[in-house]
There are 2 protein chains.
Amino acid sequence: MARLSFREQMLRAREDAILAAVNRLLAEKGFDLMTVDEVAAEVGIAKASLYKHFTSKEELAAAAMIRVLDRALAFLDERQARADVGPLEQLQAVVRWTMEVQLAGEMPSLPAQNSSLRQALLANRDYMDRLVEVSERLGRWIAEAQASGLIDPALPAEVVLYTLFARACDPVLSLLKAGGQYSDDEIIRHLLATCFHGLCGGPRKPAAA
Amino acid sequence: MARLSFREQMLRAREDAILAAVNRLLAEKGFDLMTVDEVAAEVGIAKASLYKHFTSKEELAAAAMIRVLDRALAFLDERQARADVGPLEQLQAVVRWTMEVQLAGEMPSLPAQNSSLRQALLANRDYMDRLVEVSERLGRWIAEAQASGLIDPALPAEVVLYTLFARACDPVLSLLKAGGQYSDDEIIRHLLATCFHGLCGGPRKPAAA
DNA sequence: GTCTATATTCGGATAGAC
DNA sequence: GTCTATCCGAATATAGAC
């Protein structure tokens, strides 16, 4: 039993190393430009060995994205444990977290509408279940925030949810990061401001009347 | 002379048909997933004939994107002719226009950071000149709007500019469009609201104090 | 379950006739 | 300048030895 468990641990460790590499490459180049050869090279094993763990490139990417969703769910767990935080602050904390993941180069970009990956993800129950779970938890905060007017009640909740997902891989962040003239904190501050208060800059100026 | 001019016209017409097809395919699938075979099939000519007009897939895509920028510049010309419109309204009109182009399925998505297309575009003077021109014109409106406080002066102009570009190919729009439960007008209205006033919904509620 | 070597498919690009 | 036919490299996936 102990030996089996040990082997199992080794297996898990290797697979996690694989998924970490896939995750990084997905963030850097996206699914289409990432090659299985690169993944194998980065992990330091032969390509054929990869295919013993995962049966296709799509499954490889799906496993990495499931891992990201699991991290997101763990983060949501943490936040939900705090009862003293309002729904708007929770949503802002989530967006901040996604930006930190982006800055760390660990946020895979959304698959294009036609990608073979998209098909695979839609058919992957493990992935879809987690995506639905994340959406439902965010949906509860969105509903609360809209009920109290902290989030614009005129916006359909769907629009708010999609916007949060989209900001999790907003190209503005990588453009600013590539420009190199702002610190990570400044980037996050500006993007949080535009996400929640818009380019016009909402309620911070209390209208000099 | 007349015959030469006629031939020239035919050539232009064919090339424009090619670019229209490329533009549509770029919007639908992106550069990586678009194949030259598809383009040829859609135009109804042989692939080899395409390569008489354009020497590579990258050049083909670049020509299509230059065409988009030319349309944008023409739109900016129109707007600048109106002297009675404030800078914020001009920027909102621009964003609205980009969303209409997106809804028409004619807005190519931003090339990924590592795409071979990105390299080609950066080296393409015709493309870069137009991109700089668009940026400078938008930059003037942004500066004016920030000077009068209509756009948040705390945001670096660069952040505002990048955000406008990013909203021109925001995946939120295609998600809402795919959902099918909102009219094009509603989609544009909600996205304009989140872009300029944020999820919290800025100055429309005059703070019931 | 890891390796080397290879099969196979696909897509960008070209040759050469007309 | 358009076509048909083809080349060639790249990338996914697999065979088969150890």
Side-chain angles (χ1 to χ4, degrees), chain A residues 3-19 21-22 25-26 28-64 111-112 114-121 123-124, chain B residues 3-19 21-22 25-26 28-64 111-112 114-121 123-124:
Chain A
R3 259 169 71 193
L4 196 74
S5 171
F6 178 72
R7 280 188 193 171
E8 184 74 8
Q9 276 188 0
M10 292 286 90
L11 187 75
R12 293 288 172 152
R14 166 135 300 181
E15 291 195 345
D16 203 66
I18 294 172
L19 291 186
V22 171
L25 286 168
L26 280 181
E28 184 189 329
K29 346 184 46 166
F31 178 74
D32 298 320
L33 273 59
M34 177 188 82
T35 70
V36 179
D37 294 80
E38 280 173 329
V39 177
E42 179 138 336
V43 181
I45 64 176
K47 180 166 55 169
S49 304
L50 270 188
Y51 278 94
K52 300 284 181 180
H53 293 273
F54 304 93
T55 64
S56 72
K57 185 186 176 186
E58 283 77 15
E59 193 193 309
L60 196 57
N114 277 351
S115 176
S116 63
L117 177 57
R118 189 177 172 80
Q119 295 288 103
L121 290 177
N124 187 317
Chain B
R3 261 169 68 194
L4 198 74
S5 170
F6 177 72
R7 279 189 195 171
E8 183 74 9
Q9 276 187 1
M10 290 287 88
L11 186 76
R12 292 288 172 153
R14 165 136 299 181
E15 290 193 346
D16 203 66
I18 294 172
L19 292 186
V22 171
L25 286 168
L26 280 181
E28 184 190 329
K29 346 182 50 166
F31 178 74
D32 297 319
L33 273 59
M34 177 187 82
T35 71
V36 178
D37 294 81
E38 278 173 329
V39 177
E42 179 139 336
V43 182
I45 63 177
K47 180 165 57 168
S49 304
L50 269 188
Y51 278 93
K52 299 286 180 178
H53 293 273
F54 303 94
T55 64
S56 72
K57 184 186 177 187
E58 283 77 15
E59 194 193 308
L60 196 57
N114 277 352
S115 176
S116 62
L117 177 58
R118 188 178 173 80
Q119 295 288 102
L121 290 177
N124 186 318

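Numbered from 1 within each chain, the chains take letters A, B, ... in sequence-line order.
- The phosphate of D/dG1 (OP1 or OP2) has no side-chain N or O of B/Ser49 nearer than 4.0 angstrom.
- Between B/Leu121 and B/Pro111 the shortest heavy-atom distance is CD1-CG, 4.1 Å.
- Comparing atom distances between the B/Glu58 side chain and each of D/dA13, C/dC3, C/dA13 picks out C/dA13 as nearest.
- Distance A/Leu50 CG to D/dA13 C1': 12 Å, rounded to the nearest Å.
- Residue A/Arg14 places no side-chain N or O under 4.0 Å from the OP1 or OP2 atom of C/dG1.
- Rounded to whole Å, the distance from CG on B/Leu117 to C1' on C/dG12 is 15 Å.
- Taking atom CG of residue B/Leu25 and atom P of nucleotide C/dG11, one finds them 13 Å apart after rounding to whole Å.
- The CG atom of B/Leu33 sits 12 Å away from the C1' atom of C/dG11 (whole-angstrom rounding).
- With distances taken from any side-chain atom of A/Tyr51 to the nucleotides C/dT2, C/dT14, D/dT12, the minimum falls on D/dT12.
- Between A/Arg7 and C/dG1 there is no side-chain N or O to OP1 or OP2 distance below 4.0 Å.
- In this structure, CD of A/Glu59 is placed 13 Å from C1' of D/dA13, rounded to the nearest angstrom.
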Write out a two-atom table: protein N or O, nucleotide N or O from nucleotides 15-18 of chain C, distance below 3.5 Å.
none

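- For B/Thr55, the side-chain contact (heavy atoms from CB on, under 4.5 Å) test picks out B/Glu59, with sequence neighbours left out.
- Atom pair B/Gln9:CD and D/dG1:P shows a separation of 15 Å (rounding to whole Å applied).
- Within residues 35-44 of chain A, the residues that place at least one heavy atom under 4.0 Å from DNA chain D are, in residue-number order, A/Thr35, A/Val36, A/Asp37.
- Among the atoms of the strands shown, none is found under 4.0 Å from any heavy atom of B/Met10.
- Distance from the side chain of A/Lys57 is smallest for D/dT12 among the nucleotides C/dT14, C/dC3, D/dT12.
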